[in-house]
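See structure below.
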2 protein chains.
Amino acid sequence: MDGIASLITIDRFSPVPLYFQVATSLEDLIESGRLPAGSRLDTEVMLADRLGLSRPTMRQAIAHLVDKGLVVRKRGVGTQVVHSAVRRKVELTSLNDDLRRAQRSPRTEVLAFSVAPAPEHIAVALHLEPGADVITTQRLRYAEDEPLALMHNYLPAGVAPGLTAEQLGEQGLYQVLRTHGVQLRIADQTIGARRATAAEARLLGESRGAPLLTMQRTAYDHAGRAIEYGSHVYRADRYSFEVSLVAR
Amino acid sequence: MDGIASLITIDRFSPVPLYFQVATSLEDLIESGRLPAGSRLDTEVMLADRLGLSRPTMRQAIAHLVDKGLVVRKRGVGTQVVHSAVRRKVELTSLNDDLRRAQRSPRTEVLAFSVAPAPEHIAVALHLEPGADVITTQRLRYAEDEPLALMHNYLPAGVAPGLTAEQLGEQGLYQVLRTHGVQLRIADQTIGARRATAAEARLLGESRGAPLLTMQRTAYDHAGRAIEYGSHVYRADRYSFEVSLVAR
DNA sequence: CAGTGGTCTAGACCACCTT
DNA sequence: AGGTGGTCTAGACCACTGA
């Protein structure tokens, strides 16, 4: 048993930073179970030595894992892989991506698509000048051929030039944004509940007054620019939010 | 104009790490508006020089701010304070703390309090052996003398020895846990909605069938031990969740 | 081109935990 | 006492940005 260093290879000529190569390798070992929950990693000095890295670089790699909540470090003790149940992802996800992952065959109907000056409250949510142009969409999302969510989205017109209703019907908003090179980084969400209006009930195939989950979200890119504001309602009997929080 | 370094003092004899002293100082300057949104920080080399620190230490301080989403860094450009609206807190909060902060005068009525072997699904949620002892509580939370939430909580008996119903009535669960030296770090939450049962409607002063927000949460401490499982319902017309997500 | 942050090294001392 | 992670230093080279 010479530890786990032998399972990690690093490429000094890769453009990928060394610490990142090591971090993703370790992540894979943990996810795949070759570093089981509760097991102890080699010390950072040993790992650095075996991989031919300096200790600060090795520390940077492990710090990434700590940040993701994959491992726990204790001075004088060592570095331990945390219990698997704690390893839920903390992600900025889209409904479409979620459904795809869960293999619930999403389908999208684009009910409205237009470019027009932003109404007051939308301009505020996106931190735009009043009257700036925004793309406005209204979509109905199905999962397994049952209606699941009614989604209203607003984007500054400059964010996704050339966006079409057809694209949105096929790809999901966040997917489209990624192809436009937009990287979302922070999202502020408000989650609540209320009774369905008559129109919502009809579109979602629910009875009038049925409980709906509501979510408003503003998403920002890496530079802090507001990219998207969404106001959505979900059938409460078919959807719920999972959120993981990490204290800082 | 000699930059912001003159506004920061560091104490080399303090047990608080230098990078942390600098990070919190910068945080204060940003929160207080003395470093306004959009303004550029001095370069890390300059700051390190003026504060008498090495560059890696200065980097570590700024990295903290990046991690919190307070500033954005671009190679070749510099470090900028992000737009204030993006600076929502990402926190592991308790309802009681939230209400206190919002000055909505919370009050708690303890409806049940006991220690007993855990039911199957609670044992699973807390990763305990079936039949292990858990503290079980049921509480009704008021804000401004109106009922707001009905909360069921379950804690491994060892977590908070000597916990009493009286304490819970006065202090809020998370507050009590802090006095027991418990530091929560990760929480997995599921947020949904459904109609109120007759009993829930009566306790919460709602009509039967009114929409309720529901939340189940398992919270873990820094070592990955499950500390608390809660299953709560909230009046949808008086409460909503705010969540901030940061992509990694 | 000059200036910025991103990465990396090879050491050092310390606080904390286990034995 | 011995080993662990936590902090800190003083350099170095590189990639990217902007004028």
Side-chain angles (χ1 to χ4, degrees), chain A residues 3-5 8 10-26 39-67 70-82 181 183 185 222-224 248, chain B residues 3-5 8 10-26 39-67 70-82 181 183 185 222-224 248:
Chain A
I4 55 169
I8 300 174
I10 61 178
D11 174 5
R12 298 200 82 99
F13 298 101
S14 161
V16 179
L18 298 178
Y19 78 87
F20 196 79
Q21 292 183 38
V22 176
T24 51
S25 291
L26 286 172
S39 66
R40 283 241 308 269
L41 266 64
D42 296 335
T43 71
E44 61 188 32
V45 196
M46 270 163 68
L47 282 171
D49 195 43
R50 295 220 177 109
L51 295 173
L53 299 172
S54 71
R55 189 184 162 203
T57 302
M58 195 60 224
R59 273 188 73 75
Q60 200 177 355
I62 298 180
H64 256 228
L65 303 183
V66 174
D67 208 53
L70 288 172
V71 301
V72 175
R73 317 197 76 181
K74 279 187 213 133
R75 183 148 42 176
V77 180
T79 307
Q80 261 192 324
V81 179
V82 304
Q183 292 247 4
R185 189 175 136 73
H222 66 98
R248 313 243 161 184
Chain B
I4 55 170
I8 301 174
I10 61 179
D11 173 7
R12 298 200 81 99
F13 298 100
S14 161
V16 179
L18 297 178
Y19 78 88
F20 196 79
Q21 293 184 37
V22 176
T24 50
S25 291
L26 287 173
S39 66
R40 284 240 309 270
L41 266 65
D42 296 335
T43 71
E44 60 189 34
V45 194
M46 271 165 66
L47 281 171
D49 195 44
R50 295 217 178 110
L51 294 173
L53 299 171
S54 71
R55 189 180 161 207
T57 301
M58 197 58 225
R59 273 188 73 74
Q60 199 177 355
I62 299 180
H64 257 229
L65 302 183
V66 174
D67 208 53
L70 288 173
V71 300
V72 176
R73 316 197 77 183
K74 279 189 213 130
R75 186 160 22 188
V77 180
T79 306
Q80 261 192 326
V81 179
V82 303
Q183 293 249 0
R185 188 176 136 73
H222 66 99
R248 312 244 161 184

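Only a predicted model underlies this, so the values are computations on that prediction, with no experimental measurement involved.
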Just to confirm, is there a sub-4.0 Å distance from OP1 or OP2 of [N] to any side-chain nitrogen or oxygen of [X]?
X	N	answer
A:T43	D:dG3	no
A:T57	C:dT9	yes
B:R55	D:dG11	no
A:R75	D:dT4	no
A:Y19	C:dC8	no
B:R59	C:dG5	no

Round to the nearest Å and state the distance from [X] atom [atom1] to [N] atom [atom2].
X	N	atom1	atom2	result
A:H64	C:dG6	NE2	C1'	12 Å
A:Q60	C:dC8	CD	P	7 Å
A:L18	D:dA12	CG	P	20 Å
B:F13	D:dC8	CZ	P	14 Å

Mind checking [X] for me? I need base, sugar-phosphate or nothing, with any heavy atom below 4.0 Å counting as a touch.
X	answer
B:P56	base
A:I62	nothing
B:R40	nothing

> Is A:D49 paired with A:R55 through a side-chain N to carboxylate O contact shorter than 4.0 Å?
Replying inline: no

> Quick one: does A:S14's side chain have a donor or acceptor within less than 3.5 Å of a partner on A:D11's backbone?
Replying inline: no

>> How long is the straight-line distance from CE of A:M58 back to CG of A:L47, given to the nearest 0.5 Å?
In response: 4.5 Å

